[in-house]
2 protein chains.
Amino acid sequence: MAVRVSQSDPGTAARILDIAERLVQVRGFNGFSYADVAAELGISKAALHYHFAGKADLGEALISRYTSNFAEALASVDATAADAPARLAGYADLYLQVLRNEKMCLCGMLAAEYQTLPQPMREAVMRFFDQNEGWLEGVLEQGRTDGVLQFAGPGRTTARLIIGSLEGAMLIARPYGDDARFQATVDSLLGGLIRPAAAATVA
Amino acid sequence: MAVRVSQSDPGTAARILDIAERLVQVRGFNGFSYADVAAELGISKAALHYHFAGKADLGEALISRYTSNFAEALASVDATAADAPARLAGYADLYLQVLRNEKMCLCGMLAAEYQTLPQPMREAVMRFFDQNEGWLEGVLEQGRTDGVLQFAGPGRTTARLIIGSLEGAMLIARPYGDDARFQATVDSLLGGLIRPAAAATVA
DNA sequence: GTCTATAGGCAGATAGAC
DNA sequence: GTCTATCTGCCTATAGAC
């Protein structure tokens, strides 16, 4: 009694989030229901409401966890990629992995449905993109300073171009079920940012 | 009696399409209902079913008309823009006009909801993107031949980059309600395609 | 072409037993 | 924590009168 968890069973809550996350990434927030999650998890709809009072709460939790997980992935790229070009490639690879599972980026999907989302979810979606912009801006400016990247204007603008291009490339590649189409688009985009002289160094 | 229209009243059908189109572009295909359209048009839901038997039929008609209208807009750009750079700018401006009305591209929105769409709508969505790719490819290859555009690889790949980047930039700019953000992204994208020397004088 | 009325189903959510 | 049962509301769609 002295020591106890302050929340509901993390195992079940996490499993709910896993299922709901995939459903949103495939079908959208307006394209899945509590019944879908309940059926897949093998519990009742009412039990879901115990863990997440309403769909809006579930949605907030989804974005929050997704953003945290993405931050970890970015830290991992920082830790393993040697220079800015490699970090950009690692960033694009995060998107490719999502597309390979026939999913859309969670927040890209929610951006499409933005006008139908409750306010807390809206704010959380924007925070995700803000986080991505900030990380990319840092990589881009560092790369330019190091002389391995080339682009005009502020890094923030090119960061936004990269995010938008990757989200849009995912959006369109998914109907065609064509990962190669996505990869070719990415190569074309990032190829224009890498200084030719430095390109050989990347291997 | 000898002469009569072969279809339902085009006026009402067109008005239904106008309202439904905007609703889909703002809220998504899974985010609006017959009741929304009926209320806005001031008729009953049952009357809608007279013009469009089911939601799927309405959806097909929406994409079909949107694709036709877009083709006309592309022809207009061809007719008014003097060279490839101007045509690319005109193309991007079509997207900006949509974003200004706080809407997403109809087919960009439907691409997000792709997995929930009936098969005929899926095919129509892809045809829209195919049309865009074809037009852009022509503009790009012509511009490269004329020495006013520069890009590596096949025109088709850069065409896909442009479509994806514009769709993605719209997708993300809309939550922020920031047209300038979109425009800056577009400038950054297209700026990399225009040959510096050729921008001022040709040959 | 448009209406009212309604069918039949699924949505998100709650009450209360266990 | 999970259940069954149920509520209320909205959804797409249809029947039949006008």
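By convention in this document, chain letters (A, B, ...) are assigned in the order of the sequence lines, proteins followed by strands, and residues within each chain are numbered from 1.
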Participant: Using a cut-off of 4.0 Å on non-hydrogen atoms, how would the nucleic acid contact of Phe52(B) be classed: base, sugar-phosphate, or nothing?
Facilitator: nothing
Participant: Any idea how Phe70(A) and Tyr91(A) line up, ring-wise: parallel (<30°), tilted (30 to 60°), or perpendicular (>60°)?
Facilitator: perpendicular
Participant: Give a yes/no answer on whether the side chain of His51(B) brings an N or O atom under 4.0 Å of OP1 or OP2 in dT2(C).
Facilitator: yes
Participant: Just checking Ser33(A): base, sugar-phosphate only, or nothing, at a heavy-atom cut-off of under 4.0 Å?
Facilitator: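 Sugar-phosphate, no base atom in range.
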Participant: In whole angstroms, how far is the P atom of dA13(D) from the NE2 atom of His49(B)?
Facilitator: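 Computing the His49(B):NE2 to dA13(D):P distance gives 6 Å.
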Participant: Starting at atom NZ of Lys45(A), determine the distance to atom P of dT8(D), rounded to an integer number of angstrom.
Facilitator: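 Distance check: Lys45(A) NZ to dT8(D) P gives 15 Å.
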Participant: Do we see a donor-acceptor contact under 3.5 Å between the side chains of Gln142(B) and Asp146(B)?
Facilitator: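 Note: Gln142(B) and Asp146(B) side chains meet the donor-acceptor criterion.
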Participant: In whole Å, what is the span from the CG atom of Asp57(A) to the P atom of dA13(C)?
Facilitator: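 For the pair Asp57(A) CG and dA13(C) P, the rounded distance is 8 Å.
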Participant: Do any side-chain nitrogens or oxygens of Ser44(A) fall under 4.0 Å of OP1 or OP2 in dA5(D)?
Facilitator: no
Participant: Rounding to a whole Å, what distance do you find between Lys55(B):NZ and dC10(D):P?
Facilitator: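 Taking atom P of dC10(D) as the reference, NZ of Lys55(B) is at 15 Å.
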Participant: Where the side chain of Arg174(B) meets the backbone of Lys103(B), is there a donor-acceptor pair that is under 3.5 Å apart?
Facilitator: no
Participant: Heavy atoms, side chains only, cut-off 4.5 Å: are Val148(B) and Ile194(B) in contact?
Facilitator: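 No, side chains not in contact.
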Participant: If I take atom CG in residue Leu41(B) and atom C1' in nucleotide dC3(C), what distance separates them, rounded to the nearest angstrom?
Facilitator: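 Whole-Å distance recorded here is 14 Å.
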Participant: Please tell me which of Ala46(A) and Asp36(A) maps to the more 5' nucleotide of DNA chain C, matching each residue to the nucleotide holding its nearest heavy atom.
Facilitator: Asp36(A)
Participant: Give the rounded distance in Å between these two atoms: CZ of Phe32(B) and P of dT12(D).
Facilitator: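 Atom CZ in Phe32(B) sits about 7 Å away from atom P in dT12(D).
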Participant: Round to a whole Å and report the spacing from CG of Leu23(A) to C1' of dG12(C).
Facilitator: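 It is 16 Å, rounded to the nearest whole Å.
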Participant: In whole angstroms, how far is the P atom of dG1(C) from the CZ atom of Arg15(B)?
Facilitator: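 So the two atoms are 11 Å apart, to the nearest Å.
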Participant: OP1 or OP2 of dG1(D) versus the side-chain N and O atoms of Tyr50(A): is any pair under 4.0 Å?
Facilitator: yes
Participant: Ignoring hydrogens and angles, tell me if any N or O in the side chain of Tyr176(A) forms a donor-acceptor pair with the backbone of Met126(B) under 3.5 Å.
Facilitator: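 Confirmed, Tyr176(A) side chain pairs with Met126(B) backbone.
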